[in-house]
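Working notes, beginning with the structure itself.
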Amino acid sequence: MASMDTDELPVVLPSTTTTSGLSLDLHPLPILNISEHLTRLKLQKNTNSPFVIGALLGTQNGREVEIVNTFELAMEEDGQTLDQGFLVARREQYKQVFPSLEFIGWYTVATYPNAQHIALHEQFTAYSSTPLLLILQPSTVFAHATSTSDSLQAPLPFKAFEPTIEIRDRKSRSVFIEANFKIETGEAERIAVDWTARGGSGGTSLESHLQTQRAAVKMLHDRILVLVKYITEVVAGSAKTDHTTLRALSALLASLPASEDKNFREEFDTEYEDVQLTAYLSTLTKSANILNDLVDRHVVLTANREDRGQSGPRRRPGGRPAGGMGGMGGMGSLGAMVGLGDRW
């Protein structure tokens with residue numbers, strides 16, 4: 001910066017005077033990475049405002065920029081200087097895996113850009129002529145949303161900025177221009193985001209059914225607690241008696257089956273035994289199928305052995321039969337020849 005007066009000026013030009021013509025697409029993966037980076041540092045350092053910094057990877061074609069991935073960066077011991085060696089090493093590693101992605105900017109967490117961000121920004125110009133700045137503004141989440149319905153419609157707490165040069169009083173200084181962005185997702189990213197939103201579950205039909213049942217039981221439990229609290233307050237006299245509500249509760253209790261009734265217990269036991277018997281028959285059927293397959297394989301194996309036994313005597317490597325001239329086999333053949341000579 002040229003002077004202290006220049007440092008005190010805002011580092012972001014107002015949108016009424018200058019607009020950015022940048023076409024910026026932001027993918028869900030950088031959003032998840034930055035949010036996870038902030039949450040992890042909060043827990044590790046036990047502070048609500050840790051210093052977060054990382055690099056943005058993507059593609060750029062003229063004024064069309066696409067932010068696809070991110071990776072974390074390290075700082076020197078002074079906390080003001082970027083660890084250049086770490087940045088270069090990580091960039092080369094990502095380049096080997098994603099050769100089409102280039103370094104296009106950096107990200108941090110702040111309310112708004114200031115002079116410190118300008119000083120950090122100048123350290124990235126060696127890797128990109130116009131590195132972009134993406135800021136996560138977690139404080140704006142509560143400023144835009146006052147209820148659950150409002151939070152679903154609130155904008156994402158991210159701001160993108162493009163660097164430029166401002167000339168003021170014949171002096172130049174680096175400033176930012178806010179750039180609009182839109183969310184761009186592919187089919188694989190939508191599946192991954194949906195999987196993450198579900199808590200990383202396997203997504204099987206049984207697991208989904210159990211989760212639905214658990215949510216229904218929890219909702220029923222919460223509503224029962226509300227009713228119990230109301231009855232307790234009515235009995236204590238701290239709540240106004242509403243006879244319509246009490247009659248509805250009485251009708252609801254009367255419609256419930258009596259779990260201690262003898263007929264109910266007999267019917268429940270019968271259904272329970274039927275379910276157990278069905279499970280037992282299913283297991284027995286599977287065991288019978290496995291045994292049947294084992295018997296078939298044994299029959300095939302035995303038949304193959306019998307076929308090899310009927311094909312003739314085994315021959316030795318020399319070409320003679322196994323019971324040839326050697327040993328008792330040879331003597332038996334010699335005796336047969338002698339007997340044949342005696343007949344002649």
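Atoms considered below: every heavy atom in the structure, side chains included; atoms not considered: hydrogens, waters and symmetry mates.
- Note that CZ of Phe176 and CG of Leu132 are 10.0 Å apart. Values are rounded to the nearest 0.5 Å.
- When each of Arg90, Glu76, Met75 is tested with Asp83 by the rule side-chain contact (heavy atoms from CB on, under 4.5 Å), just one qualifies, namely Glu76.
- Side chain of Ser35 to main chain of Leu32: no donor-acceptor pair is present (N/O by atom type, distance under 3.5 Å, no hydrogens or angles).
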Next on the checklist: Assess the residue pair Leu29 and Val68 against the criterion (side-chain contact (heavy atoms from CB on, under 4.5 Å)); give the C-alpha distance rounded to whole Å, side-chain angles, the decisive distance to 0.1 Å, and a yes or no.
Outcome noted: CA-CA 7 Å; Leu29 182 57; Val68 180; 5.8 Å; no
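- Checked for salt-bridge contact, Glu102 and Lys95 meet the test: a charged N lies under 4.0 Å from a carboxylate O.
- Counting non-hydrogen atoms of other residues, nucleotides and ligands closer than 6.0 Å to CG of Asn180 gives a total of 12 or fewer.
- With rounding to the nearest 0.5 angstrom, the CD1 atom of Ile165 is 11.0 Å from the OG1 atom of Thr130.
- In this pair, Trp106 and His121 present their aromatic rings tilted. The plane angle is within the 30 to 60° band.
- One hydrophobic cluster, built from ILVMFWY side chains closer than 4.5 Å, holds both Ile67 and Leu38.
- Side chain of Thr39 to backbone of Glu36: no donor-acceptor contact under 3.5 angstrom is found.
- Every residue two or more places apart in sequence or in another chain that forms a side chain to side chain contact (heavy atoms under 4.5 Å, CB included) with Lys229 is listed here: Glu233.
- Val295 and Ile290 fall into different hydrophobic clusters, where Ile, Leu, Val, Met, Phe, Trp and Tyr side chains are chained together by heavy-atom contacts under 4.5 Å.
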Checklist entry - After noting the C-alpha distance and the side-chain angles of Phe124 and Leu133, does the key distance pass the side-chain contact (heavy atoms from CB on, under 4.5 Å) rule? => result CA-CA 10 Å; Phe124 292 99; Leu133 171 61; over 6 Å; no
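- Residues Phe268 and Val275 fall into different hydrophobic clusters, defined by Ile, Leu, Val, Met, Phe, Trp and Tyr side chains chained together at heavy-atom separations under 4.5 Å.
- Shown here is Gln84, whose CD atom has more than 12 heavy atoms of other residues, nucleotides or ligands within 6.0 Å.
- Placement of Tyr230 and Val235 within a single hydrophobic cluster is found when ILVMFWY residues are connected by side-chain heavy-atom separations under 4.5 Å, directly or transitively.
- The two atoms that bring Ile231 and Leu249 nearest to each other are CD1-CD1, 3.5 Å, heavy atoms only.
- Atom CD of Gln60 is separated from atom CG of Leu24 by 10.0 Å, given to the nearest 0.5 angstrom.
- Using a distance-only test at 3.5 Å, with no hydrogens or angles considered, no donor-acceptor pair links the side chain of Glu66 to the main chain of Asn61.
- Counting only distance, with no hydrogens or angles, the side chain of Thr59 and the backbone of Leu101 share no donor-acceptor pair below 3.5 Å.
- Here the closest non-hydrogen pair linking Phe103 and Arg91 is CB-CD, 4.2 Å.
- Classification of the His37-Tyr107 ring pair by plane angle, with boundaries at 30° and 60°, yields perpendicular.
- In this structure, the side chain of Ser282 does not engage the main chain of Thr278 through any donor-acceptor pair within 3.5 Å.
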Checklist entry - How far apart are the C-alpha atoms of Phe161 and His117, what are their side-chain angles, what is the distance that settles it, and do they pass the ring-ring contact (aromatic ring centres under 6.0 Å, His included) test? => result CA-CA 11 Å; Phe161 299 92; His117 296 126; 9.1 Å; no
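- Across all non-hydrogen atoms, the minimal contact from Tyr94 to Thr70 is OH-O, 3.7 Å.
- A distance of 11.5 Å separates CG of Asn46 from NZ of Lys42, quoted to the nearest 0.5 Å.
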Next on the checklist: If you apply the rule side-chain contact (heavy atoms from CB on, under 4.5 Å), what do you find for Tyr127 with Val88, and how did you get there?
Outcome noted: CA-CA 9 Å; Tyr127 310 100; Val88 173; 3.7 Å; yes
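- The shortest side-chain heavy-atom distance between Arg63 and Ser23 does not fall under the 4.5 Å cut-off.
- One finds the CG atom of Asp296 at 12.5 Å from the CG atom of Leu301 (value rounded to the nearest 0.5 Å).
- Across all non-hydrogen atoms, the minimal contact from Val12 to Pro113 is CG2-CG, 3.7 Å.
- Cluster membership for Leu291 and Leu284, using ILVMFWY side-chain heavy atoms within less than 4.5 angstrom, is not shared.
- In plain terms, the two heavy atoms of Val109 and Pro138 that are nearest each other are CG1-CD, 3.7 Å.
- At distances below 3.5 Å, at least one donor-acceptor pair connects side-chain atoms of Asn289 with backbone N or O atoms of Thr285.
- Under the salt bridge (Lys or Arg N to Asp or Glu O under 4.0 Å) criterion, the residue pairs touching residues 216-226 are Lys218-Asp222, with sequence neighbours excluded.
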Next on the checklist: Determine whether Leu82 and Ile53 satisfy the following criterion, side-chain contact (heavy atoms from CB on, under 4.5 Å), listing intermediate values before the conclusion.
Outcome noted: CA-CA 10 Å; Leu82 185 68; Ile53 188 171; 4.3 Å; yes
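- Between Val228 and Thr232 the shortest heavy-atom distance is O-OG1, 2.8 Å.
- Atom CD1 of Ile34 sits about 4.5 Å away from atom CG of Leu134, to the nearest 0.5 Å.
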